[in-house]
S.K.: 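Pasting a structure here, questions to come.
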Amino acid sequence: MTIKIYNVLTRQKEAFRPIQEGRVNIYVCGPTVYDYSHIGHAKTYGNFDVIVRYLRYRGYDVLYVQNITDVGHLLDSGEDRILRKARQTQSTPMQIVERYTKLYFDNMDALGVQRPDISPRASGHIPEQIEMIQQLLREEHAYVVNGSVYFDVSSYPEYGKLSGRRVEDQEEGTREAVRSEKNHPADFALWKKAEPEHIMRWNSPWGEGFPGWHIECSAMARKYLGETFDIHGGGIDNIFPHNECEIAQSECAHHGATFANYWMLVGSLTLDGVKMSKSLGNTLTLAEALERWRPEAIRAFILSSHYSNPIDFSDVAVESAEKGWQRIWGAVSLVRNRLHDAPDGEVDADILTWLETYKAAFIEKMDDDFNAPAAIGVLQEMTRKVNSTLAENAALSSGTLTAIDQIYRELGGDVLGIVPDSAEAGSADAEREAGLIRVLIDIRAAARANRDWATSDRIRDRLAELGVTLKDGKDGTTWTVS
RNA sequence: GGCGACGUAGCCAAGUGGUAAGGCAGCGGUCUGCAAAACCGCUAUUCACCGGUUCGAAUCCGGUCGUCGCCUCCA
């Protein structure tokens, strides 16, 4: 069994073959840290989180690099995003960068997105970028004008191969073309001369300036992953021009060596059917979303559609994903709670057999281009089976319950990140809590036997206030923690 | 105008040649003091539309209509 990946570069699903057996080098374009993270970031980085988790689950040694853009990303006006924010808030650019970088990681941590192995910053790699630009100049892929350096797109005939765009087809941007010092409108900046008011500036062979937006990814990918690496990821909205420019720079600097073997681009997220944009005012920050929904619900929603497809964020959509997730979580917590007073015993062979069948089905779905929505479908089917088994057998052995819990931990927890680690059986606190709840359930059972519904309901209501839900079944009362 | 996606039940969604996963919502049932949950059953003869290829198509080809993204900063 090999993993198949839809490669945007070839527009085909291909068997994944890493350059080095057992090892995956992956680079994903990270955020520009000039404002709060929004739910679009949650989709892009949440999707790659699951991709990386799965590769690791399948035994690959993954090196995951995701940059932090903290310089060079300009607005329409030609103004640097970070500088503008700094001016607006009367702070320094690096304060802005620190603030939003920290918030980005805080939000991603809260979402359960595992950190990349390396989060290189553009501003920390100016020498590497200058070196690459010098090389491009030396080899006549770039030219200098008035202290700025531009990449000569005509020197790279394959420009456009990722996005399927051809230079001739592009509409010429009027504003830029008019005042441009570029030889051709499609040429892009590698290095920009800093105007006097531009305070983020560095010395270079061409005078004081700052790097263009695209060069950081090429320089940092080369530094940490080598000239050719396995997977390059990002949001589809960066396919042009950003990703295209990265390829051009890197492949020219590397004398034609392929930049990345596989390109995986994540579909965009819309909010209530419309693209989020500051000008429309329909933005939702990740922090706001996390206040309204638990992280697992947001993850379940993000994973409800294939990573490469667009997805529309709405209250109704997240809530229905959350309800679906609750069914899985309900089964998991039931298993874990029953583990507290389950009879000792080995795992039941029949149950282990069908657990393994679901696991194999899950892996088959994920192997096929990381089809998380289909994999969740498998988990849902398994959950139906688990729930009915739980209902039919009041005394499942600890071995069996542990085996069920284990498969949820692996597939739902380690891979998808939607099954939390809580209620760890065996910890002293958890055991005590389970025991205390059990005492209350026993008292309540006695009250119910006396048809003392007031006491019975009081215990249930008070526990509910503490987040413990009691459920009366045929074989007694069970409980879950929300 | 150019490039690229997409159009599957009330909603979301998987499915790229072999006869429609899964979730949400809904209906009926089991269980139940009530509640909640869970479980069982039902809910697309059909995959935007029209042609074509094929023994056979949601899946391939051609066309039509519609939605969206990108082409300028965006994950």
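Residue numbers start from 1 in every chain, and the chains themselves are labelled A, B, ... in the order their sequence lines are given, proteins ahead of strands.
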S.K.: Output one line per pair: protein atom, nucleotide atom from nucleotides 22-25 of chain B, and distance, for all N/O pairs under 3.5 Å.
M.R.:
residue, atom, partner, partner atom, Å
B:G23, OP1, A:R384, NH2, 3.4

S.K.: How many whole angstroms separate atom CD1 of A:I298 from atom P of B:C12?
M.R.: 20 Å

S.K.: Looking at A:D457 and B:G33, is any side-chain donor or acceptor paired with a base atom of the opposite kind under 3.5 Å?
M.R.: yes

S.K.: Which part of the nucleic acid, if any, lies within reach of A:A317 when heavy atoms closer than 4.0 Å are counted: base, sugar-phosphate only, or nothing?
M.R.: nothing

S.K.: Does B:A44 have a Watson-Crick or wobble partner in any strand here, with both distances under 3.5 angstrom, and which is it?
M.R.: none

S.K.: When the P atoms of B:G18 and B:G28 are considered, how many whole Å apart are they?
M.R.: 38 Å

S.K.: Could you tell me whether a side-chain N or O of A:R336 sits under 3.5 Å from a main-chain N or O of A:A331, the two making a donor and an acceptor?
M.R.: no

S.K.: Ion pair present between A:E381 and A:R384, side-chain N to carboxylate O less than 4.0 angstrom?
M.R.: no

S.K.: Taking the same atom, C1', in B:C60 and in B:U54, what whole-Å distance lies between them?
M.R.: 10 Å

S.K.: With rounding to whole Å, what would you report as the distance between B:G7 and B:G15 at their P atoms?
M.R.: 10 Å

S.K.: In terms of the nearest nucleotide of RNA chain B, which residue is placed more toward the 5' end: A:A391 or A:R460?
M.R.: A:R460

S.K.: Classify the nucleic acid contact of A:I311 as base, sugar-phosphate or nothing, counting any heavy atom under 4.0 Å across all strands shown.
M.R.: nothing

S.K.: Using a heavy-atom cut-off of 4.0 Å across all strands, would you classify A:T270 as base, sugar-phosphate, or nothing?
M.R.: nothing

S.K.: Ignoring backbone atoms, establish whether A:N387 has a side-chain N or O less than 4.0 Å from OP1 or OP2 of B:C39.
M.R.: yes

S.K.: How many Å lie between CE on A:M382 and P on B:A21, as a whole number?
M.R.: 20 Å

S.K.: Separation of A:W329 atom CH2 from B:A38 atom C1', in whole Å?
M.R.: 17 Å

S.K.: Quick check on RNA chain B: between A:A454 and A:C29, whose nearest nucleotide comes earlier from the 5' end?
M.R.: A:A454

S.K.: Any donor-acceptor pair under 3.5 Å between the side chain of A:S163 and the base of B:G4?
M.R.: no

S.K.: Need the pair for B:G7. Rule: Watson-Crick or G-U wobble, both distances under 3.5 Å, any strand; none if unpaired.
M.R.: B:C65

S.K.: Which of the following nucleotides, B:A13, B:A75, B:G15, is nearest to the side chain of A:P373?
M.R.: B:A13

S.K.: Starting from P on B:U32, measure out to CG on A:L470 and report it in whole angstrom.
M.R.: 18 Å

S.K.: Look at the side chain of A:E246 and the backbone N and O of A:S218, then say whether any donor-acceptor pair between them is shorter than 3.5 Å.
M.R.: no

S.K.: Between A:E410 and A:K359, is there a side-chain N and carboxylate O pair less than 4.0 Å apart?
M.R.: yes

S.K.: If you measure from the C1' atom in B:C6 to the same atom in B:A14, how many Å do you get, rounded?
M.R.: 15 Å

S.K.: Is the aromatic ring centre of A:Y45 closer than 5.5 Å to the centre of the six-membered base ring of B:A75, with the two planes inclined by less than 30°?
M.R.: no

S.K.: When you check the gap from the basic side-chain N to the acidic O, do A:D472 and A:R444 get nearer than 4.0 Å?
M.R.: yes

S.K.: Under 4.0 Å between any heavy atoms, over every strand shown, what does A:G273 touch: base, sugar-phosphate, or nothing? Just pick one.
M.R.: nothing

S.K.: Please give, in whole Å, the distance from B:A75 P to A:N67 CG?
M.R.: 10 Å

S.K.: Among B:C34, B:A13, B:U16, which nucleotide sits nearest the side chain of A:R448?
M.R.: B:C34

S.K.: Just to be sure I understand the rule, does A:K275 reach a base, reach only the sugar-phosphate, or reach nothing, if contact means heavy atoms closer than 4.0 Å?
M.R.: base

S.K.: Inspect the contact between A:K85 and A:D35 and indicate whether a charged nitrogen and a carboxylate oxygen are less than 4.0 angstrom apart.
M.R.: yes

S.K.: Which value, in whole Å, describes the distance between the C1' atoms of nucleotides B:U45 and B:C34?
M.R.: 44 Å

S.K.: Starting at atom CD of A:E392, determine the distance to atom C1' of B:C39, rounded to an integer number of angstrom.
M.R.: 9 Å

S.K.: Both distances under 3.5 Å, Watson-Crick or G-U wobble: report the partner of B:G1, or none.
M.R.: B:C71

S.K.: Which nucleotide sits closest to the side chain of A:W453: B:A75, B:A37, B:G33?
M.R.: B:G33

S.K.: Would a distance-only check, ignoring hydrogens and angles, find a side-chain to backbone donor-acceptor pair under 3.5 Å from A:D70 to A:V97?
M.R.: no

S.K.: State whether the side chain of A:D152 and the backbone N or O of A:S154 hold a donor-acceptor pair below 3.5 Å, judged by distance alone.
M.R.: yes

S.K.: Please determine, for the side chain of A:H306, which listed nucleotide (B:C34, B:A14, B:G69) has the closest atom?
M.R.: B:A14

S.K.: Please report the distance separating the C1' of B:C12 from the corresponding atom of B:A44, rounded so that it comes out in whole Å.
M.R.: 15 Å

S.K.: Between B:C39, B:C34, B:A75, which nucleotide has the shortest distance from any of its atoms to the side chain of A:T32?
M.R.: B:A75

S.K.: Going by purine N1 to pyrimidine N3 plus the second Watson-Crick contact, or the G-U wobble pair, all under 3.5 Å, which nucleotide sits opposite B:A14?
M.R.: none

S.K.: Base, sugar-phosphate or nothing for A:R444? Non-hydrogen atoms, less than 4.0 Å.
M.R.: base

S.K.: Does the structure place the NZ or CZ of A:K385 under 6.0 Å from the centre of the six-membered ring of A:W354, at an angle of no more than 45° from the ring's axis?
M.R.: yes

S.K.: Describe the nucleic acid contact of A:G330 in one word from base, sugar-phosphate, nothing, applying a heavy-atom distance below 4.0 Å.
M.R.: nothing

S.K.: Side chain of A:K471: nearest nucleotide among B:U16, B:A36, B:A75?
M.R.: B:A36

S.K.: Side chain of A:F240: nearest nucleotide among B:G33, B:A75, B:C70?
M.R.: B:C70

S.K.: In Watson-Crick or G-U wobble terms, both distances under 3.5 Å, what is the partner of B:A57?
M.R.: none

S.K.: Using a strict threshold of under 4.0 Å (side-chain N to carboxylate O), is an ion pair present between A:D49 and A:R53?
M.R.: yes

S.K.: Identify the nucleotide, in any strand shown, that forms a Watson-Crick or G-U wobble pair with B:C39, with both distances under 3.5 Å; if there is none, say none.
M.R.: B:G29

S.K.: Taking A:E465 first and then A:R460, would you say they form a salt bridge - that is, a charged N and a carboxylate O separated by under 4.0 Å?
M.R.: no

S.K.: Using atom names, set out every protein N or O paired with an N or O of nucleotides 27-31 of chain B below 3.5 Å, distance rounded to 0.1 Å.
M.R.:
none

S.K.: Measure from CD on A:Q326 to C1' on B:A38 and round the result to the nearest Å.
M.R.: 14 Å

S.K.: Using modelled atom types and a 3.5 Å cut-off, is there a donor and acceptor pairing between side-chain atoms of A:D117 and backbone atoms of A:Y64?
M.R.: yes

S.K.: State plainly whether the residues A:D461 and A:R458 are in salt-bridge range, i.e. N to O under 4.0 Å.
M.R.: no

S.K.: Using OP1 and OP2 only, check whether a side-chain N or O of A:N309 sits under 4.0 Å from B:C6.
M.R.: no

S.K.: Send over the distance from A:D49 CG to B:A75 P, rounded to a whole Å.
M.R.: 18 Å

S.K.: Between A:K4 and A:D369, is there a side-chain N and carboxylate O pair less than 4.0 Å apart?
M.R.: no

